[in-house]
2 protein chains.
Amino acid sequence: MKTTPPSSSIEDYVKVIYSFTEWQDKPITSTQLAARLGVANSSVSEMVRKLKDQDLVEHEPYSPIRLTAAGLTLALSMVRRHRLLETYLVRELGYTWDEVHEEAELLEHAVSETFIERMSAKLGNPTRDPHGDPIPDAGGHITMAPSHRLDELDPGHRGRVSRISDHDPELLRYLEQHGIGVDTELQVVGRRPFGGTLVIARLPSPGAPSRTDDAGHLDLGDEAAVSLWLATVGTHPGCTVQEPAGGTLMHPHATGV
Amino acid sequence: MKTTPPSSSIEDYVKVIYSFTEWQDKPITSTQLAARLGVANSSVSEMVRKLKDQDLVEHEPYSPIRLTAAGLTLALSMVRRHRLLETYLVRELGYTWDEVHEEAELLEHAVSETFIERMSAKLGNPTRDPHGDPIPDAGGHITMAPSHRLDELDPGHRGRVSRISDHDPELLRYLEQHGIGVDTELQVVGRRPFGGTLVIARLPSPGAPSRTDDAGHLDLGDEAAVSLWLATVGTHPGCTVQEPAGGTLMHPHATGV
DNA sequence: ACTATTATTTCGGTATACCTAAATTTTTGG
DNA sequence: CCAAAAATTTAGGTATACCGAAATAATAGT
C-alpha cells in the first residue's frame, strides 16, 4: 500500500479550484484555472487528467472542474495550512498584512502536520486569519458569519468588514493607509452610474483611535469593491458552512502514526 | 541578467559537501556524497557536473569534490537556515531535540530570507543550535569554542559536551534518557581494547538537578562516541573559524531589494 | 443553421532529477 | 607491475510539470 503524497503542484491546483467556489458557486473552467495558476491551458488539461486519475476532481472533457470529496478534503487542508501560516507570521514574526501571502504560499507545501497543529495550538486555534478569512479546523469544518461582497450591496447598507481578499498586497496597503481593516464599520453611500466605482463612508469604530478622516468618504474602484466583504452589523458568527467527506482532516503528508 | 535561484537539490548537495568538511578536512568523494544524499552514484556525477557549471564546486573527474567560494557561501547560508530553524522549532514550538532535524530539512528550502532574519532576531541571534552546532551569522561567520570528538580523546580527559550530531534521533533520545545534553560535563574513563567502545563518566553538572545516576559510568558504542564533541573545561567561545568569500551572506533566494 | 470565434484538448518537446547497467578509470594486493 | 576490485563516469531510460502549436469541440452572432 504505497500512497504517494500529493505533489505541491497538485496541492496548488486543488487549492485554486476550491477557492474559486469559496465565495460563489459556479465551478471553475480550464482557462480560469490556468490564469489563476499562471500556467498554459495545455498544462491544465494534462494536470486535470492526473487529478482525475487520483480521484481528486470530477471532470468531463470541455466542461468545468469540480472537486470530489477527497479533493475537498485536500483543499481544506491546504487552506487551513495557508491561513494558519498567515496568522502565525503576523502574530509571531511581525509580518505585515500584505507580506504574508507569498511566504505562506511557499511554506504551506513544506510544513508537516505536526508543525501545523503545534502552530495552531500556540495561536489558540484561531478561526480567522488576518484578512478575516475563515480557517477550517483540523476536521475541515468552517465557521463563519454570513457576509456579502461590497459590490453586491445596495447603497445605504451598513456593516462590519468581515474579510478582505489577500490577493493584492497593493490594495491591502491602500486600505490600511485609509484605516480600513477587518472589523472596520463601513456604509455604502452610493455607486457611480458607469465604471461601478463605489463610494463608501468609514464610520468611527468603537475601539479604534479616532482619525481625522473618520466618517469621511472614500472612493473605491471595482477591484477594491470585489475584494471587501461586509458582515451585517450584529451578526454573530457560528454557522458551519462547509465540511469535507468525513472523519478528521488529515493532510496526506502526515505520516500514518 | 537572469540568475536562476538554486534548486533545493542543489542546496542539498552543497550543504552535504560542506558538512563533510565541517569537523575534519578531507574533501568528500562521489560515493560518500551519494551515500549521504541517499541517491545513486550516477546521480551524483551528473549533478556535480551541474554544480561545476554553476561554479559552486571544483571537480576533476575521479577526484574528490571541493566547494568554491560561491559554494561555501551558499552552504553556510543553508547551514544557517537549518540551525536557526531547529533552534526556533525547539524554543518556540515545543519540538524535542530529536524531532527537529527532519522538519528543518524541509523548511530550509522553503523559507525566505526575510523569514530567516525575523526568526533570528526573535531568538536573539543565537550562535548555537539545540545540538550545540554553531549557527553562522548573516555574514557567514562562525564563532565556536575549540572541541574534539569523544573518540579522539584519551582516557582521563574531562570536558563539557559542546555538540552532539543530530543525524540519529534514536541516539539523541538515548543520550537524553541518560541525562546527557549540550553542556553536560563528562570524563573519558577508558576504552575497550577492541570494538572501540568507550566508557565515560557523567559528572554532576553545576546547574542541573542532581540525578541518582550522576557520576555513574556509561558505555558508549562507536556510533555514539563519534557523535559527541567535548570542549575543554574553561574554554571560552569566540574564535572565528570560517567565513565565506566576502560581503554579507545573502541567500540567492533573496529578492534583490 | 451555419460560420466565426473562443475554449479546450492533443501532440511533440524541454528541463530537472532521478534510476540501472555498462564502460572506464583508479587503486590495491600479490 | 599487473590483474582484480573498487570507484567513478557515461549511456539510455523514467516521471513530473511545464511549454507552444495544431487539432477539435463548443458557443455565439447573424
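None of the values given here were measured: they were computed from a predicted structure.
Near DNA chain D, defined here as any heavy-atom distance below 4.0 Å, the residues from residues 25-39 of chain A are G38(A), V39(A), listed numerically.
Judged as a salt bridge (charged side-chain N to carboxylate O under 4.0 Å, His left out), and not counting sequence neighbours, E103(B) has no contacts. For L37(A), the side-chain contact (heavy atoms from CB on, under 4.5 Å) test picks out D12(A), Y13(A), V16(A), L33(A), V39(A), with sequence neighbours left out. Applying the salt bridge (charged side-chain N to carboxylate O under 4.0 Å, His left out) criterion to D98(B), with sequence neighbours excluded, gives R173(B). Legend: residues meeting salt bridge (charged side-chain N to carboxylate O under 4.0 Å, His left out) with R163(B), ordered by chain and number and at least two apart, are D133(B). Every residue was checked against the side chain to side chain donor-acceptor pair (under 3.5 Å) condition with S30(B), not counting sequence neighbours, and none meets it. Taking the salt bridge (charged side-chain N to carboxylate O under 4.0 Å, His left out) definition, one finds that R149(A) meets it with D151(A), sequence neighbours left out. Partners of T127(A) under the side-chain contact (heavy atoms from CB on, under 4.5 Å) rule, at least two apart in sequence or in another chain, are T143(A).
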Throw together a table of side-chain donor-acceptor distances under 3.5 angstrom for residues 40-62 of chain A, partners on residues two or more places apart or in other chains.
residue: K52(A); atom: NZ; partner: H59(A); partner atom: O; Å: 3.0
residue: H59(A); atom: NE2; partner: S63(A); partner atom: O; Å: 3.0

Indicate every side-chain donor-acceptor pair of residues 84-91 of chain B with a distance under 3.5 Å to a residue at least two apart or in another chain.
residue: E86(B); atom: OE1; partner: H131(B); partner atom: ND1; Å: 2.9
residue: E86(B); atom: OE2; partner: H82(B); partner atom: NE2; Å: 2.9
residue: E86(B); atom: OE2; partner: H101(B); partner atom: ND1; Å: 3.4
residue: T87(B); atom: OG1; partner: R83(B); partner atom: O; Å: 2.7
residue: Y88(B); atom: OH; partner: Y88(A); partner atom: OH; Å: 2.7
residue: R91(B); atom: NH2; partner: L123(B); partner atom: O; Å: 2.6

Going 5' to 3' through nucleotides 20-25 of chain C and flagging B where a protein heavy-atom sits under 4.0 Å of the base, S where only the sugar-phosphate is that close, and - otherwise, we get BB--BS

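First and last contacting nucleotides of DNA chain D toward chain A (any atom under 4.0 angstrom from a heavy atom, 5' to 3' order): dT16(D) to dA26(D).
No side-chain donor-acceptor contact under 3.5 Å links K26(B) to the backbone of T21(B).
Computed from coordinates, the E46(A) CD to dG12(C) C1' distance equals 11 Å when rounded to whole Å.
Residue contacts for S45(B): at a heavy-atom cut-off of 4.0 Å it reaches a base atom on one of the strands shown.
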